[in-house]
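Scroll down for the structure; my scribbles are underneath it.
So you know, we letter chains A, B, ... as the sequences are listed, proteins then strands, and number each from 1. In this text the structure is predicted, and so the values were computed from the model without any measurement.
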Amino acid sequence: MSLSTQPYKGARDFYPEDKRLQKYMFRIMRESVEQMGYEEYDAPILESLDLYLAKTGEEIVNEQTYAFEDRGGRRVAIRPEMTPTVSRMVASKRQELAYPLRWYSIPNLWRYERPQRGRLREHWQLNVDLFGLSGLRAEAEIIQVADTILKKFGATHDMYEVKLNSRKLMDYIMGAYLGLNVTQAHTLAKLIDRMRKMPPEEFEAEAESIFSHGQREEGMHIKLKGLLKIKNIGHLPEALRNHAAAKELQGLLDTLYDNGITNAVFDITLMRGFDYYTDVIFEVFDKHPENNRSMFGGGRYDGLVGLFGVEPVPTVGFGMGDVTLQNFLEGHDLLPTLRSETDVYVILIGDVYGKAQRVIRELRAMGLNVAVDLTDRKPDKQIKTATKKDIHYALFIGEKELEEELYTLRNLHSGVEEKHSASRIVSIAKDYRGEDDDL
RNA sequence: GCGGAUGUAGCUCAGCUGGUUAGAGCGCUGGAUUGUGGCUCCGGAGGCCGUGGGUUCGAACCCCAUCAUUCGCCCCA
């Protein structure tokens, strides 16, 4: 029985070409959010399990969290999400931070569950949060951040859609408007959440069964059925349309539209799983016909920081997972071809290993990333190796080159080969690298 | 936790209703007079047919179990 070479279930190995892609995605994310004034923070991957017991949906703690006891008998969890951690950090320095805070991180997160498309046990997630603002400007900005990132990846508005809803509005609908108690409302919310996955008749039957006899006699389930078809805040019944939460949501949509985010829509069926959201929630959907699914989302959660015994801090944020994002980018053919970080692959011709060192050192000192083959294989083999490594330039160094101090630089993609001085080679290779950055 | 699909070479797969030494393409590797790839030609390595058990004269193929991968459900950062 030999050892398995497979990575742990639901986790991934990042070979250099995979890591290259990840670095690209993280770079675009960082550039996008930093452009909007967000600063990066980080925290340990381990947290006290208590942190997750206090909040969150119950499921994620009981069944989906990696938890264990450390040698000192402490209950420890591998973080399944970043929001509790960042809330803890803000609470810890509640008094001394300069609000509003614009913070982001790209943590590695774990959840224990059956892996499936777009959902693994281990993933990386960009977390973007704006602390200390209670007005809608915060929501508008955070959605703008999400939009900026997707645009920076080359996505256009026909590729995705931002769906918006409001927990406050839904609470009002469930309670005052439909007359449901808390338990009924919760059951109905979960049902609406998976409405798209079930046949309409089945949904209707289940929805109807949530209502009591009396409520049914009043026709509440009919009212609900009508409501769920509404695609526009303006089409809501007057009692709802004039509710503050509805007006705010409309105001947010208008602001977004004015800021060029024309693919944001109201969606009364949008729920999101976590209980900690308090007001506006949003979710970005992939519109690709074969991958029509939720990509990521977020919303307002004003209560979390306060759980640590300090004055609450109003907060809006979202999390964007690397797996779903990659599916999106692949689906829309938005991933660039990425080349090696190595600029030049040196191929030594003849017995010049010692004599070539000086110029190689020189190239590196001038800022090039230079790998030397070091084998004595024939040049054709060495070229193949360089190509396979996705290195753009091969540099031949032999007796002739060393004498002339002009080295043969070969573009491995075009096959064009020219002799240049060391400093010229540096500027050519750097130019090429620079083009890459502008993508 | 539940249901479906799939496990044959490094990869993608073929292998007819069970019948001798298990195949292809790609990849890998060596060569075509030791300073040049992606084309061509010739040679080579590489498989306990996921694992364990059963049926049979005989199993990659049939049956059971188990593990793994994958899609979906539950749930959803």
Problem - Between B/rU29 and B/rA45 - C1' atom distance, rounded Å - result: 7 Å
Exercise for the section: Confirm from the modelled atom types if A/Thr387 and B/rG38 form a donor-acceptor pair under 3.5 Å, side chain to base only. Expected result: no
Practice task
Kindly point out which of B/rG35, B/rC75, B/rU34 is positioned nearest to the side chain of A/Glu401?
Solution key: B/rG35
Practice task
Taking only the side-chain nitrogens and oxygens of A/Lys381, find out if one of them lies under 4.0 Å from OP1 or OP2 of B/rU29.
Solution key: no
Completion exercise
Out of B/rC28, B/rG31, B/rG72, minimum distance to the side chain of A/Arg117 belongs to B/rG72
Handout entry: Same-atom distance (C1') from B/rC57 to B/rG52, integer angstrom
Key = 23 Å
Problem - Gap in Å between the two P atoms, one belonging to B/rC39 and one to B/rG27, rounded - result: 7 Å
Handout entry: Inter-nucleotide P distance (B/rC16, B/rC71), Å rounded
Key = 28 Å
Handout entry: B/rC76 phosphate, OP1 or OP2, under 4.0 Å from A/Lys190 side-chain N/O
Key = yes
Handout entry: Whole-angstrom distance between B/rU66 and B/rC28, as gauged at atom P
Key = 41 Å
Practice task
Using only heavy-atom distances, decide whether a donor-acceptor pair under 3.5 angstrom links the side-chain of A/Arg114 to the base of B/rG3.
Solution key: yes
Practice task
Give none if B/rG44 has no partner; otherwise give the nucleotide forming a Watson-Crick or G-U wobble pair with it, both distances under 3.5 Å.
Solution key: B/rC28
